[in-house]
Protein chains: 2
Amino acid sequence: MAQKSKNEIPKERLLDAAEALFAQKGYHAVTVRELTTAAQCNLAAVNYHFGNKKNLYVEVFRSRWVPRAQRLQESFRQYLAGQDPSSLGAVVRALAQAFLEGPLSDEERQRHAQLMTREMSQPTVAFDLVANQVMRPFIKELADRFRPFMPKELPEERLVLNIMSIIFMVIHFNFARAAVSQITGRKYNPPFKARLVEHIVQFSLKGVGMSEKEEYR
Amino acid sequence: MAQKSKNEIPKERLLDAAEALFAQKGYHAVTVRELTTAAQCNLAAVNYHFGNKKNLYVEVFRSRWVPRAQRLQESFRQYLAGQDPSSLGAVVRALAQAFLEGPLSDEERQRHAQLMTREMSQPTVAFDLVANQVMRPFIKELADRFRPFMPKELPEERLVLNIMSIIFMVIHFNFARAAVSQITGRKYNPPFKARLVEHIVQFSLKGVGMSEKEEYR
DNA sequence: GTCTATAGCAGGATAGAC
DNA sequence: GTCTATCCTGCTATAGAC
């Protein structure tokens, strides 16, 4: 059910439309008229439910983006649990899979990445949510999962830089699809995504200092 | 001279102001009034010189962004020429240095990265310029410089993916400064930037399959 | 709770004086 | 080539009917 978000209550339809439109065009490029038209409700609905356009934007992050980010993280844990033996390669692969092939539809995943990317390069009021409720804890979790595989003397900062490099790569292959397709001449279909996952795993594993073979301990 | 771009002709002042403002806030968030005020010229100047706001945006890329990208590439070649022996590490280091520490001021570099990033995630009419006049030839040049160091049997696609991964990392550490600072707790001062260059070099070298030591041939 | 109608204002673009 | 004044469109926000 829920074909085009037509059957829910207006407030929910607004949030759905807002997430899609803000992700697609950015905050300023979206008008309240567009939002209310897309959500099939009245022009006044944004103000009635959220006070103003900006509050709606923040609410999109609070009620849609953050929970989805948590679902993504949960998906990562499930990919990871499904893989044995537990190795660093498994961690990176689970990460790439969750982001590139995980539980989200292609459209949803693209939306998600674009909302995040905008906040990372142009922080707004929603940046705190993104950084403190999602990025920071997730990087911490990844650091904890990486640490057993890393040399004991590796400084915490280098570990964090390694993790950020990997996450950036994943994010970038996700959100810069136009550029990647333009350069490689390939569409983001399942074979190419699987190709990218493998590339990310191989590049990252070696990047942190181990090949696929020597990662086991 | 040229303190605040006050001494040039109005059309040039407009282009300067436009590049700074579009990079900082994005196309839609910038108003013609803002532009003309910042450029200290009249409201009508945008229309007089460029026809409309959109043409001005494209002209920023044509007359400012593309030449600067070419300067950056030139800077990369000079960093590279200054390093001997010629090794893959030198290529990557020159790349990271050109982007993170190169000839551009911090502000200029940030502007540059943000304009590019916007076009990569949200292609507009300027995307063709970015992709075909800058990205594609530069990736080709890098591929040519990498190839001698790579295994002969390495498929072209893997080489391109490796290069994109490295460029993405560089770009990302540049444009997601807010996020990086937030997570690492460090400001983008020279020591931290030098730190990032080293990280990128090490991670990339290993990522493509060689350590700093075994890279010579 | 949702809609219609509209106030009040900011945006891009233009015409015409200088 | 540059400026002033202004048009028109389209936005946010609100008041009040239903």
Side-chain angles (χ1 to χ4, degrees), chain A residues 2-64 115 118 122 124-126, chain B residues 1-64 115 118-119 122 124-126:
Chain A
Q3 286 151 333
K4 271 234 168 178
S5 88
K6 187 162 184 180
N7 15 12
E8 296 165 23
I9 55 177
K11 187 173 176 179
E12 298 300 311
R13 288 205 306 271
L14 263 177
L15 284 165
D16 290 337
E19 189 185 13
L21 285 168
F22 285 142
Q24 196 181 112
K25 313 170 81 173
Y27 178 80
H28 292 285
V30 177
T31 68
V32 171
R33 280 164 216 279
E34 243 181 315
L35 286 166
T36 49
T37 304
Q40 302 202 320
C41 60
N42 189 269
L43 175 60
V46 168
N47 262 72
Y48 176 74
H49 289 291
F50 305 97
N52 56 39
K53 184 184 165 189
K54 191 168 208 165
N55 288 350
L56 169 56
Y57 181 75
V58 177
E59 189 61 19
V60 163
F61 274 82
R62 212 194 54 73
S63 75
R64 294 282 194 275
L115 287 172
R118 272 215 192 73
Q122 301 287 332
T124 72
V125 280
Chain B
M1 333 343 177
Q3 285 150 335
K4 270 231 168 179
S5 90
K6 188 165 183 179
N7 15 12
E8 297 165 24
I9 55 175
K11 187 173 176 179
E12 297 301 310
R13 288 206 306 272
L14 263 177
L15 284 165
D16 290 337
E19 188 186 13
L21 285 168
F22 285 142
Q24 197 181 109
K25 313 171 77 172
Y27 178 80
H28 292 284
V30 177
T31 68
V32 170
R33 285 172 168 77
E34 243 181 315
L35 286 166
T36 50
T37 303
Q40 302 201 322
C41 60
N42 190 268
L43 175 60
V46 168
N47 264 74
Y48 176 74
H49 289 290
F50 304 97
N52 57 41
K53 184 184 166 188
K54 193 167 208 166
N55 288 351
L56 168 57
Y57 180 75
V58 178
E59 189 60 19
V60 164
F61 275 83
R62 211 193 56 73
S63 75
R64 293 284 192 275
L115 286 171
R118 272 214 192 74
E119 285 300 318
Q122 298 290 332
T124 72
V125 280

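Everything numeric here is computed off the predicted structure, so don't read it as measured data. Below, chain A is the first sequence line, B the second, and so on; all start at residue 1.
- In this structure, NZ of Lys54(A) is placed 19 Å from P of dC11(D), rounded to the nearest angstrom.
- What separates OH of Tyr57(A) from C1' of dT12(D) is a distance of 19 Å, to the nearest Å.
- When atom types are taken as modelled, the side chain of Glu34(B) and the backbone of Thr31(B) share a donor-acceptor pair closer than 3.5 angstrom.
- Between the CG atom of Asn52(A) and the C1' atom of dA13(D) there is a distance of 9 Å, given to the nearest Å.
- Of the candidates dG11(C), dA15(D), dT6(C), the closest approach to any side-chain atom of Ala44(A) belongs to dA15(D).
- At whole-Å resolution of the value, CD in Glu12(B) and P in dG1(D) are 12 Å apart.
- Ranking dG11(C), dC11(D), dT12(D) by closeness to the Thr31(A) side chain, first place goes to dC11(D).
- For the residue pair Val58(A) and Val125(A), the shortest heavy atom distance occurs at CG2-CG2, 3.4 Å.
- Judged by distance alone, with hydrogens and angles left aside, the side-chain atoms of Arg118(B) form a donor-acceptor pair with the main-chain N or O of Phe22(B) at under 3.5 Å.
- Judged purely by atom type and a 3.5 angstrom limit, Asn42(B) has no side-chain atom pairing as donor or acceptor with the backbone of Ala45(B).
- What separates CG of Asn47(B) from P of dT2(D) is a distance of 14 Å, to the nearest Å.
- Side-chain N/O atoms of Arg33(A) and base N/O atoms of dG10(D) include no donor-acceptor pair closer than 3.5 Å.
- Atoms CZ (Phe50(B)) and C1' (dG1(D)) sit 13 Å apart, rounded to a whole Å.
- Rounded to whole Å, atom C1' of dC11(D) lies 9 Å from atom NZ of Lys53(A).
- Taking atom CG of Asn42(B) as the reference point, atom P of dT4(D) lies 6 Å away to the nearest angstrom.
- With hydrogens and angles ignored, the 3.5 Å screen pairs a side-chain donor or acceptor of Lys53(A) with a backbone N or O of Tyr27(A).
- Nearest-nucleotide positions on DNA chain D place Glu34(A) closer to the 5' end than the other of Glu34(A) and Tyr48(A).
- With dT6(C), dG10(D), dG12(C) as the choices, the nucleotide that has an atom nearest any side-chain atom of Val32(B) turns out to be dG12(C).
- Of all nucleotides listed (dT12(D), dT2(C), dA13(C)), dT2(C) comes nearest to the side chain of His49(A).
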